[in-house]
Amino acid sequence: MKNNPIYRGRIVLFCVIQIFSVSLYAHSLANIEMLYANTHVVGLMQQSQIHGKITDSNGVPLAGVSIIVKGTQRGTTSDFNGGYTINVNNNQVLVFSFVGFKTQEIPIHSRNELNVIMEPEVMSLDTVEINAGYYRVKDRERTGSIAKIESKTIEKQPVNNPLAAMQGHLPGVNVVQTTGVPGGGYNIEIRGKNFINSGTDPLYIVDGVPFGSQSLGAVDISVGINGANISPLNAINPNDIKSIEVLKDADATAIYGSRAANGVVLITTKKGEIGKTQFKLNMSSSLGQVSHFLDLMNTEQYLELRREGIVNDGFGAFLENPAFDFVWPDLKTWDQNRYTDWQKELIGGTAYRNNVQLSVSGGSAQTQFLISGAHQKETTVFPGDSNYKKTSFHNTISHRSDDDRFKINLSTIYTLEHNKMPRTDLTGKAYVLLPNAPALYDEEGQLNWENNTFDNPLASLQEDYKVNINTLIANASLSYELLNNLELKTNLGYNNYRLESYRILPSTARNPEFEFTPENYSSITTNNSKRSSWIAEPQIHLEQHWGDINLSVLVGTTFQSESAEQLVIKGTGFPNNNLILNLSAAKTLEVRQDSDSDYNYHAVFGRINLDWKNKFFFNLTGRRDGSSRFGSGRQFGNFGALGAAWLFSEESFLSDNTFLSFGKLRGSYGATGSDNIGDYKYLDTYGITGFEYNGTNTLEPTGIFNPLFGWEVNKKLELALELGFFNDRIQINTAWYQNRSSNQLIGIPLANTTGFTELTGNFDATVENTGLEINLHTSNIQTDHIQWTTAFNISLPKNRLVSFPDLETSTFANTYVIGQPLTIVKLYHALGVDPDTGIYQFEDYNDDGSISSPEDRQWIEDFSPELFGGLGNTLSYKNLTLDVFFQFKKQRDYNNLRVQATPGYGNNGPVSLLDRWREVGDASSFMLASGGFNGGLSTSSNNQRRSSSAVSDASFIRLRNISLSYKIPKEFSYGMDLNVYLQGQNLFTITGYDGPDPEQSSQTILPPLRQFTLGVQLGF
Amino acid sequence: MKIIESNKQINIAECYFNGSIRRPIKYLLYFILIFFMSSCTDFIEVDPPKNVLISKTVFEDSSTVESALANIYYKMREQGMISGRYGLSSMMGIYSDELNYYGFDTNYIEIYTHHVSPSNAVVLAWWSHAYNLIYAANDIISGVETSVNLSQKQKEEFKGQALFVRGYMHSLLVNLFGSIPYITTTNYVENNKVTRIPVNKVYENIISDLEAAATFMGTSDDTGEHVVVNASVAKALLARTYLYTEQWELAEAMADDLITNYSLELDINSVFLKESSETIWQFKPNGVSYANTYEANQFVIRFIPGQTYALSDSMIGAFESGDLRLSYWTGSATSNDGLTTLYYPYKYKALLSETDSLEYSIIFRLTEQYLIRAESRTHLGNIIGAQEDLNMIRNRAGLDNTEANNKNNLLDAILHERQVEFFTEHGHRWFDLKRMGVANEILSPIKPNWKDSNFLLPIPETELEINPNLKPQNSGY
């Protein structure tokens, strides 16, 4: 009975109703009290009317400024001309507030006219509040390490995934785009790789609700186009985001316990603001192109190498024998003078993106709302009509009771994505297709197969891949202030992610000579996947003051349940290809996968924050977690952290210092964990494969099971110094961290003789990530007309395998080295081409006269970045604002040699291949040409691809983003806010890297595009 | 199915606060817990997913054990050494003198040109696939042993099939790699550090597994199509194994047993049809996507180019004039310009895309038993008996009786007969060249890179990295 989901759901529902009803009951009680209290006050004071005009420092009227009578709920907002009128008592105070400006409190003093000049808000540590997830904290009092990026930075980047907007902006956060194809994924690493085998995905929390970031793409369907890696975060429109906070150290993350080892990313969406109803319209168009093409051989060069290679292989005589012409059509039957630039043909197009977003927001002092809808369409650089469409809705409504005690906040994001792409990324083909390959289409407009000698790459355009994704993220947060210092709160959330995709293989995409028909060949594979989760988090917040001591306590509990299902069906054989989308027309159906998984998670968590004299801050956080991912007796884990900060600039000896305006020393230590290992791994099971033999469905052993595994533990230590100079116009934050991860859950590689290749288990190895992060923010010029600010961040991470018991005898002996990073690879040490033989030479480490693995693969290369960061400048003059942002990274990566080390193979390659060995005494960088028919030469070539020469510097400085925006003066815009902007993304890159893109070294995946965007923003 | 035994009432406080939460808020926390939770372990128990079965339950029902065995048959048909895709039939065909390779895949070129590197993907795939099946077989062997619900007869039937698979996989491995480990348990700790044992020990194990398999299983063919292993299949492999280990009497007796119980298919056109009377074991093709064999799909050349394999000149030249096998079992294709003609194995004719199931992939057929008996009899001095067996096969192919009349002539004639009979079938040719000691003599004139060390394939490189106990690498690699 206890496993019955209805029963389980009931417990939680009961809990939620409990806290909700307690809140409501308390609220109604308090209202009654209020009713009595208010009757005494009415009619005692004299009322008068006050009016005035509100402008900015340039004298431009400000519309929509909120004006509230202090201590009451009464208020109004300024009109189009900045004017306002309100009834007040003579001795009352008016509060003027507006986004981006300092809030001002001005006493009436019996005036009846009050004109106000709003001053822009300078980034001030006193006022900036940071979202730490379960609680908010003033930046100056913060004890943890939290990096933040705000809407004003996100909006300037024409990107369609929140992760993309973070690239380079946040210290310690390394984001890499996995493909330039729209709708693909991103890899993110916060402070390095902690665990030997699991990923680096952090925990994502969207408006308080955990958001599963694992792709539900099916390998059967989309591995060729986006690696089956479809980022669910695509569903979140970056323009709907108010801020993204990245929690990095133990102090900030321990409250998330077992899921926080890789850091926590908090995404907060925009909310309505108090003030008049505002309409905002944002429209933009982008053009995107591949930013860098490889320098590939032309027809003459290719044919020369190819011929030479075949002769070198000893097949020269065959080359002259017409009976063998069919083996090398490129040299014999194809036009020897034809040349096609396949990069231009296949990935040289322009990707267009059109984006329109309309939002309405506003509200009274009690209730605010925001409704926003956006639509976007993006095409690709491939030929054909592939495109990605996204429609997103974002609604929020916030309400607070008159007495400010009861608060409710609802927000909903609903996104529809439609992505139609070719089945395979054409990039790989663009780099290797022969320069004299025939035309893609014949005279009749049909795919050209050139008498069966050409494998037409455009066939994949007919093999559609299409995906529809619906994402719903709904969240409600209710709170009630039971006593002045005690607040009850409940967070409720629901996510639903549905993915429906298919891939078709119509017979028409195949060479007709194979005589494939719709009946015997055409197939469709469909994937229906969904994941839904709900969460309930009742909490109590308590504040207590005793003299110089402020105490704040938070206690809460989490119930979370997630279930996922995936159904993959393949239908084969259709009466004709027009019916291929209809599974019921298929002759045979195969269920390729029908799986489900449940994950339940339950925790209690708490925080005690102590503040003494506003100078010393202590923050104790903890969590006890239970997860269904572990076997009996190992489901629970404890995590916790202590953080402390000393605001030494508040000390008397520094308080009068005009140079140093802010100084804080902070540190933290604690433990977090990771249960990111997939569900049900502790069970000894047989899997239903979806295949059959002789009418019997097959059941296969799913692997070697291990019931004994538990949490991975990640201990984080951080020390940081935060300084502000000249009234905080210069702010420097420096943080040093040391994270040690132990009890590693790893797929321990097994010899194949065990029947499998790995076993999941905890391993007593320790991995350390240390690093230094520096964040600098300066306000260089701050006058009425000109503002210039600079932001710079740099991270210097270092990863190290600290200990690994019995590494030498373990299955990792040839993968890892103690003291070296986890990201190393062991390679042959290349010694260049032997001038006598023309074959690659390698260092023979064990002097046994032959080059063999693993003994001679002792050269170590590390692929993790040595340093990375960004430099941004914002310059504004009157209505014109210019942003320039550079991203930089120092790293090494595989170069072209990893793919192509032999001149003369039957595919195109870099022009550099021409520098090959030809005769004794040649000093060349490539070996002698080989057509690939000489197995002896292929060993030399294979080893070279796995040698030190296949790795080179892949550092880069990239102008990631430039944005120029102009705010059209009101006199020309009929009183509306009108902004025109031009943005560029990924404009140029300074790099010495020999490959498609230093950020994305793969030779088969479309690199990130260069984009230009023109847009207009309208507000009224 | 319950995963966690939680019959005892767990103290809530203990469950939450054996950690280190401090006293002042402890009471507050108690308070909340009482309100919001009923029990903390209940919530984090989940049912197992619908796409898996707990292993123990698999062996308590004969239909799920059959499914576990179906998985083995399925995998043997689809991947690895005996599959018609990338299996021994084509790979050892290009490694020996049966096929030429015209493609550009470096793994295949390495095999074709005798430059197999220890990182060769085909070799690794064969190795890992075989051990994966051996694990599956071992799990069935131990699983049915402890089963409560299965009858003794069912247990023996299942165990027999699994033992056969274990023996068969090892027999192929030992032929390709020489000294190998013999895996009889699912214990990964042991198997991860396992060492190689001498070839004769491997054969001892194979023979004992096959003998047990032959006694456990019956000889009846419940499927009516010979698509599942029975005692006869185990005997057929035993006969082959005795032959390979030169135990002539045993080989003769075992072949004899099969020859009495099966009948040779006399119509050469029907030998590879699914109803062929001489079939001892065949794979039923995937009825859903493909109705026919991978062999036909891989070898049949419809136009030039079209396939990456074609029969070698020496193979085509090996047929005596008038051999029906040349006309019935090979085909040819000529290019449009008439300059190129390629020959291909045409034993299996129906292509995958054809909808009627005409042919199944045959693994063991009776002809081999005739030739095993002929060879054993030759060694045992029964020249006339050997000639009779050999002539059965020759006559079916439209050839006259053999002229060989002494031991050496006969052995040559049998080697030749096996070449033209079993070409591109499961690597027979290569194994014959190797075991009869003629590989050097026959291959060195026609395969430029042939070396003595090519008798064995290299142990996969990654395997030696993970388990150094498997060292040393086979010589020459």
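All chains are named by letter (A, B, ...) in the order of the sequence lines, taking the proteins before the strands, and each is independently numbered beginning at 1. Nothing here was measured: the structure is a model prediction, and the numbers come from that model.
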message: Quick one, A/R857 with B/E465, criterion side chain to side chain contact (heavy atoms under 4.5 Å, CB included). Give me CA distance, side-chain angles, the key distance, then yes/no.
response: CA-CA 11 Å; A/R857 257 171 51 203; B/E465 288 175 18; 3.5 Å; yes
- request: Output, in order, the C-alpha distance, side-chain angles, deciding distance and verdict of side chain to side chain contact (heavy atoms under 4.5 Å, CB included) for A/T698 and B/S67.
  value: CA-CA 5 Å; A/T698 67; B/S67 285; 5.8 Å; no
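The shortest distance between side-chain heavy atoms of B/N71 and A/P701 falls below 4.5 Å. Side-chain atoms of A/N934 and B/H115, non-hydrogen and from C-beta on, do get closer than 4.5 Å to each other. Under the 4.5 Å side-chain criterion, counting only non-hydrogen atoms from C-beta, A/E692 is not in contact with B/K284. Between A/T696 and B/Y74 the shortest side-chain heavy-atom distance does not fall below 4.5 Å.
Within the model, atoms CG of B/L339 and NZ of A/K332 stand 11.0 Å from one another, a figure rounded to the nearest 0.5 Å. Between the CG atom of A/N942 and the CG atom of B/N120 there is a distance of 9.5 Å, given to the nearest 0.5 Å. One finds the OH atom of A/Y686 at 10.5 Å from the CG atom of B/L53 (value rounded to the nearest 0.5 Å). A/T754 contributes atom OG1, which lies 11.5 Å from atom CG of B/N138 (distance to the nearest 0.5 angstrom).
Heavy-atom contacts from other residues, nucleotides or ligands closer than 6.0 Å to NZ of B/K451 number more than 12.
Only the side chain of B/F59 has a heavy atom closer than 4.5 Å to any heavy atom of chain A. Interface remark: A/Y601 contributes backbone atoms only to the contact with chain B (heavy atom separation under 4.5 Å). Of the atoms belonging to B/P181, it is side-chain heavy atoms, and not backbone ones, that fall under 4.5 Å from chain A. Within the 4.5 angstrom heavy-atom criterion, no atom of A/R623 approaches chain B. Within the 4.5 angstrom heavy-atom criterion, atoms from both the backbone and the side chain of B/F283 approach chain A. Residue contact with chain A, scored on non-hydrogen atoms closer than 4.5 Å, is absent for B/L464. Heavy-atom distances place the side chain of B/E461, and not its backbone, under 4.5 Å from chain A. Heavy atoms of B/T223 lying under 4.5 Å from chain A belong exclusively to its side chain. Residue B/F303 touches chain A through its side chain alone, counting heavy-atom pairs closer than 4.5 Å. The parts of A/N694 that come within reach of chain B are both its backbone and its side chain, each placing non-hydrogen atoms under 4.5 angstrom from that chain. B/T113 touches chain A through its side chain: at least one heavy atom from C-beta onward sits under 4.5 Å away, while N, CA, C and O do not. Contacts of A/S852 with chain B are absent, with no heavy-atom separation under 4.5 Å from either backbone or side chain. Residue contact with chain A, scored on non-hydrogen atoms closer than 4.5 Å, is absent for B/S335. Of the two parts of A/Q593, neither the backbone nor the side chain holds a non-hydrogen atom closer than 4.5 Å to a non-hydrogen atom of chain B. Using a 4.5 Å cut-off between heavy atoms, B/L69 makes no contact with chain A at all. Proximity to chain A is limited to the side chain of B/S119, based on heavy atoms less than 4.5 angstrom apart. In this structure, chain B has no heavy atom under 4.5 Å from any part of A/N321. Residue B/I134: no heavy atom, backbone or side chain, is found under 4.5 Å from chain A. Contacts between B/V227 and chain A at a heavy-atom distance below 4.5 Å involve backbone atoms as well as side-chain atoms.
Panel note: side chain B/N132, backbone A/G755; a donor-acceptor pair is recorded below 3.5 Å. Of the possible polar contacts, one joining the B/E463 side chain to the A/N752 backbone as a donor-acceptor pair under 3.5 Å is found.
Options B/D105, B/I109, B/T186, B/V58 differ in how many heavy-atom pairs under 4.5 Å they form with chain A, and the most are formed by B/I109. Among A/G931, A/G687, A/P322, the residue with the largest count of heavy-atom pairs under 4.5 Å with chain B is A/P322. Between chain A and the options B/I180, B/L342, B/V116, the largest number of non-hydrogen pairs under 4.5 Å is found for B/L342. Note on A/D596, A/L750, A/T702, A/T757: by heavy-atom pairs under 4.5 Å with chain B, the leading option is A/D596. When each of A/F933, A/Y521, A/Y599 is checked for heavy-atom pairs under 4.5 Å with chain B, A/F933 comes out on top. Here A/S627 is the residue among A/A813, A/S627, A/G906 with the most heavy-atom pairs under 4.5 Å with chain B. Contact tally against chain B (heavy-atom pairs below 4.5 Å) for A/T753, A/T815, A/N451, A/N511: the top residue is A/T753. Contact count against chain A (heavy-atom pairs under 4.5 Å) is highest for B/N192 among B/T64, B/N192, B/V189, B/T106. For the set A/I688, A/D325, A/T685, the entry with the most heavy-atom pairs within less than 4.5 Å of chain B is A/T685.
Under the 6.0 Å cut-off for aromatic ring centres, B/F104 and A/Y905 do not qualify, their centroids lying 6.0 Å or more apart. Proximity of the aromatic rings of B/Y131 and A/F756 is defined here by a centroid distance below 6.0 angstrom, and this criterion is not met. Aromatic ring centres of B/Y73 and A/Y693 lie closer together than 6.0 Å.
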